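So the structure is just underneath, and the comments pick up after that.
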Amino acid sequence: MEENLHRVSRSPDVGTHNQNDSVAEDNRRRRHYNHHTHGVQAKDSADWNAVDDLDFEILNFHSSPSNADDDMDFEIVNFHSSPSSPSPVVTNDEPLRLPIPMLGLGVPNEQLFVTQRSLPELARGPPYFYYENVVLAPWETISRHLYDVAPEFVDSSFICAAARERGYVHNLPISNRYLIQPPPKHTIQEVLPLTKNWWPTWDTRTKLNCIFTVNASSQLTNRIRSALEASRGEPPEEIKRYVIEQCKKWNLIWVGQNKAVPLEVNEIETLMGFPIYHTRGGGGISRAERLKSLSNSFQVDTLAYHLSVLKPLFPDGINVLSLFTGIGGGEMALHRLQIPMKTVVSVEFSQANKYILRDFWERTNQKGVLIEFEDVQDLTKDIIVELMKQFGGFDIVIGGSPCNNLAGGNRVTPNGLEGEQSLMFYEYCRVLNVVRQTAKEMRRS
DNA sequence: GCAATGATGACGTCCCCG
DNA sequence: CGGGGACGTCATCATTGC
């Protein structure tokens, strides 16, 4: 398989090691990074962004709500790349630091804004790429395979009512981003107003945790209700602690007196930025499949915020290569941004997800062409080149590769980036390289 | 009856923070 | 240093559907 080439070229020792060694290596590296996480976080993340020697301007806004125009007190901080790391390239020894809070290059209504960044030469210019994965992925390796572009780490709880910590590696412009309207509600109680009637005062949650594939059982709801009914009035601290713990663990919401239940499918659809019934796909898709597909999806508002910079660049529409499409979070973002999709070439293994995307495509009366592939390995170099000649090239390659072997919940096959599903990352790289290389050749001729 | 689908609970490790 | 949180997988029953 071709991704072996990537793996062998990754570093001299990996090809001969088994998976456990590779995981151990990643763990060792992560511990090493963790050692460096103390200190000024903003500076750290800026340094990691500083893949060449240009400085960064970070604006910290402290605007007072009364007279925001006059009283705007902002400081411009110039961070220089550390003299101890003269190499402009992200290497194994370069520490990975997660920004705290996880605001990426800035999100609406928050104080941190990075107004410009410099990309490595190889990463600059179209076609654009946008790659996503979980925050605990081995980003130093991922970044190295994506032209050394530093990931943008964003927690979607700054944009919607559910947490979703993700890293996004992309070469998009970053100025003049905007949210699609209407902006998502920021709290659980706003998104699900009926819960307000039943939400106990001692449950102080306003945000949901990350949405997973696993679902709480109805037994748990019964256990919680029994525990609360046993005490009339204010429950004792011990009961409260137990209930809160379970609510957080299973993302429960209050829908009745002492009734804490798991989220319904259409509630998750709303939280993830999809219209309700998006994953119904015209029927025939089980509830379990819908929940799983949703938990694996993009948060659409977050994605659209990043992609919004494309709107003025492609007034006539855009050609999209969508890898690991899933339920079409990228397509939904572009659709809600009203960026016409002239062509979408989609790669998706799951039959249910293909139904969902096809149903979305038809239901929203898309004028463009939708071409589907099942296996990313069918997207050979020849086929990619042929598609590009047919449509005049792709404008963006978008996708989040599988995280099964990287996710914290996986206790069976936590094999890291070389795991059976997660190594699909290297296929994203392969395809992206072909697309960017071919685009370069097409421009020359 | 049988197969397909749903429900349930057990399972470990990393990272961060207070 | 201990607690909480993270795009999950599997075997085992129970239920549904033909």
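Note that the structure is predicted; figures quoted are calculated from it, not measured. Every chain is numbered from 1, with letters handed out A, B, ... down the list of sequences.
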Handout entry: Lys/Arg-Asp/Glu bridge criterion (N-O < 4.0 Å) met for A:Arg280, A:Glu289
Key = no
Exercise for the section: Tell me what A:Lys249 touches on the nucleic acid: a base, only sugar-phosphate, or nothing, going by heavy atoms under 4.0 Å. Expected result: nothing
Handout entry: Aromatic A:Phe298 / basic A:Arg164 pairing, under 6.0 angstrom, 45° off normal
Key = no
Practice task
Would you mind classifying the nucleic acid contact of A:Glu245 as base, sugar-phosphate or nothing, using non-hydrogen atoms under 4.0 angstrom?
Solution key: nothing
Handout entry: A:Gly408 or A:Ala288, whichever maps to the more 5' nucleotide of DNA chain B
Key = A:Ala288
Fill in the blank from the handout: Taking for A:Lys248 and for A:Val214 the nucleotide of DNA chain C with the nearest heavy atom, the one nearer the 5' end belongs to A:Lys248
Exercise for the section: Establish, from distance only, whether the side-chain atoms of A:Thr213 and A:Ser295 form a donor-acceptor pair under 3.5 Å. Expected result: no
Fill in the blank from the handout: Separation of C:dG8 atom C1' from A:Phe212 atom CZ, nearest Å, is 9 Å
Exercise for the section: Return the nucleotide paired to B:dA3: Watson-Crick means purine N1 to pyrimidine N3 with N6-O4 or O6-N4, wobble means G-U with N1-O2 and O6-N3, both under 3.5 Å. Expected result: C:dT16
Problem - C:dG3 to B:dG12 separation - C1' atoms, rounded to the nearest Å - result: 16 Å
Exercise for the section: Give the rounded distance in Å between these two atoms: CG of A:Leu98 and C1' of C:dG5. Expected result: 13 Å
Handout entry: Euclidean distance, atom CZ of residue A:Arg166 to atom C1' of C:dA6 [Å, nearest integer]
Key = 9 Å
Exercise for the section: Would you kindly check whether a donor in the side chain of A:Arg411 faces an acceptor in the base of C:dC10, or vice versa, at under 3.5 angstrom? Expected result: no
Practice task
Determine whether the side chains of A:Asn353 and A:Tyr355 contain a donor N or O and an acceptor N or O closer than 3.5 Å.
Solution key: no
Exercise for the section: Quick one: look up who B:dG12 pairs with, Watson-Crick or G-U, both distances under 3.5 Å, and put none if it's unpaired. Expected result: none
Exercise for the section: Mind telling me whether A:Tyr130 and A:His306 have parallel, tilted or perpendicular rings, with 30° and 60° as the class edges? Expected result: tilted
Practice task
Just call it for A:Arg223: base, sugar-phosphate, or nothing, with non-hydrogen atoms closer than 4.0 Å on any strand.
Solution key: sugar-phosphate
Problem - A:Ser217 vs B:dG9: side-chain N/O to OP1/OP2 distance below 4.0 Å - result: yes
Practice task
Specify the separation, in whole Å, of atom CD of A:Gln299 and atom C1' of C:dA6.
Solution key: 17 Å
Exercise for the section: Output yes when at least one side-chain N/O atom of A:Ser286 is less than 4.0 Å from OP1 or OP2 of B:dG6, else no. Expected result: yes
Completion exercise
Checking C:dA6, C:dG8, C:dC7 against the side chain of A:Asn410 (C-beta onward), the nearest is C:dG8
Completion exercise
By nearest-nucleotide position on DNA chain B, the 5'-leaning member of A:Glu289 and A:Trp250 is A:Glu289
Problem - OP1 or OP2 of C:dG8 under 4.0 Å from side-chain N/O of A:Thr213 - result: yes
Exercise for the section: Using only side-chain N and O atoms of A:Asn133, determine if any of them is under 4.0 Å from OP1 or OP2 of C:dC7. Expected result: no
Exercise for the section: Indicate, with a heavy-atom threshold strictly under 4.0 Å, whether A:Gly326 touches base, sugar-phosphate, or nothing. Expected result: nothing
Exercise for the section: Send over the distance from A:Ile211 CD1 to C:dG5 P, rounded to a whole Å. Expected result: 15 Å
Handout entry: d(CG, A:Leu136; C1', B:dC17) in whole Å
Key = 14 Å
Exercise for the section: Using a heavy-atom cut-off of under 4.0 Å over every strand shown, decide if A:Ser401 touches base, sugar-phosphate, or nothing. Expected result: base
Exercise for the section: Using a heavy-atom cut-off of under 4.0 Å over every strand shown, decide if A:Ser297 touches base, sugar-phosphate, or nothing. Expected result: nothing
Exercise for the section: Quickly work out the A:Asn415 CG to B:dC14 P distance and round it to whole Å. Expected result: 14 Å
Practice task
Nearest whole angstrom, please: distance from the C1' of C:dC7 to the CH2 of A:Trp139.
Solution key: 12 Å
Practice task
Quick one: label A:Cys210 by what it contacts on the DNA or RNA (base, sugar-phosphate, nothing), any heavy atom closer than 4.0 Å.
Solution key: sugar-phosphate
Exercise for the section: Would you mind checking if A:Glu264 and A:Arg287 are paired as a salt bridge, meaning a charged N to carboxylate O distance below 4.0 Å? Expected result: yes
Practice task
Tell me whether the centres of the aromatic rings in A:Tyr131 and A:His170 are closer together than 6.0 Å.
Solution key: no
